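First up is the structure itself, then whatever we jot down about it.
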Amino acid sequence: MGRVSLLIGPIGQLVTAKSMPWRYGDQVLIMENAGIAVDGNKIIEVGSWDTIGSKYEGECRIPAEESLVTAGLIDPHTHLLFSGSREDELELKLEGVPYEEILRRGGGIYRTVSATVGATDNELRRILLNRLFEVAKYGTTTIEVKSGYGIELNQEIRLLRIINDPSIKAPIDVVPTYLVHVPPRDMDRGEYVNMVMGSLDKVKGLAKFVDVFCDEGAFTVQETRGILREASRRGFGLRLHADEIAYIGCSDLVREFSIASLDHLLNLPEQNARLIAEGGSVATLLPVTILSLMSSKRPPVKALRGAGVPIALGSDFSPNSWSLNMQYAMELATYLLGMAPIEVLMAATVNAAYSLGFRDRGIIQPGYLADIVVWDTPNYRWLSYELGRNKVLAVIKRGAVLDSTPMGTVISKECA
Ligand SMILES: N=CN[C@@H](CCC(=O)O)C(=O)O
Ligand SMILES: [Zn+2]
């Protein structure tokens with residue numbers, strides 16, 4: 001009998017992608033009475049519990065007869081690092097004042113910039129760490145975190161240093177992105193864009209991706225093009241906030257650049273789905289933001305599927321859209337966007353991993369990282385079906401069972 005650090009099984013239902021990215025209609029692995037053997041930070045074998053349970057002895061074991069087991073959730077789009085809040089914009093939104101108008105008046109992102117710039121490094125570190133612990137309780141095991149509430153370049157660099165700070169003992173993996181968010185109000189925007197392009201060497205090593213908010217009220221296609229060109233020359237991965245507020249041609253930039261992910265896409269023209277597929281980009285949809293924008297628009301899911309675009313989901317946690325819970329994004333993806341439960345699960349695991357450039361996680365197969373969630377649900381459909389409850393039973397990150405399960409449930413004495 002082989003000895004391993006962790007055994008999970010018997011498992012009621014194991015659901016995982018077979019390869020990445022996952023496209024609508026691709027096969028998945030759905031297995032009942034399954035088992036997973038983990039050693040160190042990796043999955044070493046997946047199979048029927050009859051085989052796994054008799055072949056391995058675990059230093060600890062998580063029994064999961066009644067449970068769904070999936071890859072850990074991956075959140076590929078967040079604005080986790082900011083100070084303050086904007087609950088007082090709710091009344092404006094309810095009166096019908098559009099997002100871009102609040103921004104034009106100096107509210108929205110600009111207010112959060114003032115609050116964030118006014119916070120000390122220690123305050124921001126504490127905020128970030130608390131949020132990272134909270135997302136882990138909801139099953140997120142890897143998360144992208146954008147800068148963007150500094151605007152001024154030294155402030156952006158400060159935020160990126162905090163995101164990268166090794167003294168922050170994050171329970172999960174963090175992917176830093178430099179977000180060029182909105183033009184400053186007190187400076188010529190052309191000059192600012194030039195400064196951004198000139199600052200990219202300083203950002204190297206602090207961010208895996210450069211992202212631009214390309215939209216009405218933010219950066220134009222021409223400005224975005226310049227920033228993406230310089231970023232890709234320097235070897236950054238590219239992401240884009242595109243076609244969220246209006247279509248001004250941002251998604252067309254996939255013709256010119258290899259963009260890992262185009263995000264939001266509420267106003268994406270259906271014919272541009274083909275361009276995204278040809279460009280090899282992922283479409284990351286952010287349904288919680290659709291709700292918090294109080295928008296009646298929807299991204300064209302059917303056109304994206306039809307063109308073969310891999311779809312990912314993100315929380316888009318921000319002061320405009322306050323939810324750290326990827327499960328909420330998953331629920332809304334079904335009820336607001338019409339995404340099928342299996343599509344939702346693939347979007348929040350394997351495709352989110354793929355969009356962040358990972359090839360080592362998001363799938364439960366030998367050789368992959370042991371980032372795994374045990375759910376308090378009998379099958380995968382419940383992740384879409386049941387609204388508003390944290391359905392996590394246990395989170396395993398790199399083979400380690402995270403300390404506190406949300407409901408204080410002790411899974412197994414040896415593992416806890
Ligand atoms: N759209 C741009 N940025 C964020 C919102 C930021 C904010 O409103 O503070 C987003 O992705 O939703
Ligand atoms: Zn965003």
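This is a predicted model, so every value here is computed, not measured. As a basis for the values below, the full set of heavy atoms in this structure was taken, side chains included, without hydrogen atoms, waters or symmetry mates. Counting starts at 1 for both ligands and their atoms, following the listed order.
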- prompt: Under a 4.0 Å heavy-atom cut-off, what residues line ligand 1?
  reply: H77, H79, R86, Y99, I109, Y149, H181, F213, H241, E244, H264, T289, D316, S318, P319, N320
- request: If the plane angle is over 60° it's perpendicular, under 30° parallel, otherwise tilted; pick one for H77 and H264.
  value: perpendicular
- prompt: Do the ring centers of H79 and F317 come within less than 6.0 Å of each other?
  reply: no
Contacts table for residues 66-74: side-chain donor-acceptor under 3.5 angstrom, sequence neighbours left out:
residue: S67; atom: OG; partner: W375; partner atom: O; Å: 3.0
residue: T70; atom: OG1; partner: W375; partner atom: NE1; Å: 2.9

message: Can you see whether F236 has K204 sitting over its ring - NZ or CZ less than 6.0 Å from the centre and within 45° of the normal?
response: yes
message: For F358, does the six-membered ring have the charged nitrogen or CZ of K208 within the cation-pi criterion, i.e. under 6.0 angstrom from the centroid and within 45° of the normal?
response: yes
field: Metal site angle (apex the Zn ion (ligand 2)), NE2 from H79 and NE2 from H241, 10 degrees
entry: 110°
- request: Using only N, O or S atoms, tell me which atom of D316 is closest to the Zn ion (ligand 2).
  value: OD1
message: Please evaluate residues R255 and E278 with respect to the criterion salt bridge (Lys or Arg N to Asp or Glu O under 4.0 Å), reporting the C-alpha separation (whole Å), side-chain torsions for both, the decisive distance (0.1 Å), and the verdict.
response: CA-CA 8 Å; R255 291 178 195 270; E278 285 163 7; over 6 Å; no
- request: Taking both backbone and side-chain atoms into account, decide whether H264 has an N/O/S atom under 2.8 Å from the Zn ion (ligand 2).
  value: no
message: What I want to check is whether the side chains of S251 and D243 have a donor and an acceptor closer together than 3.5 Å.
response: yes
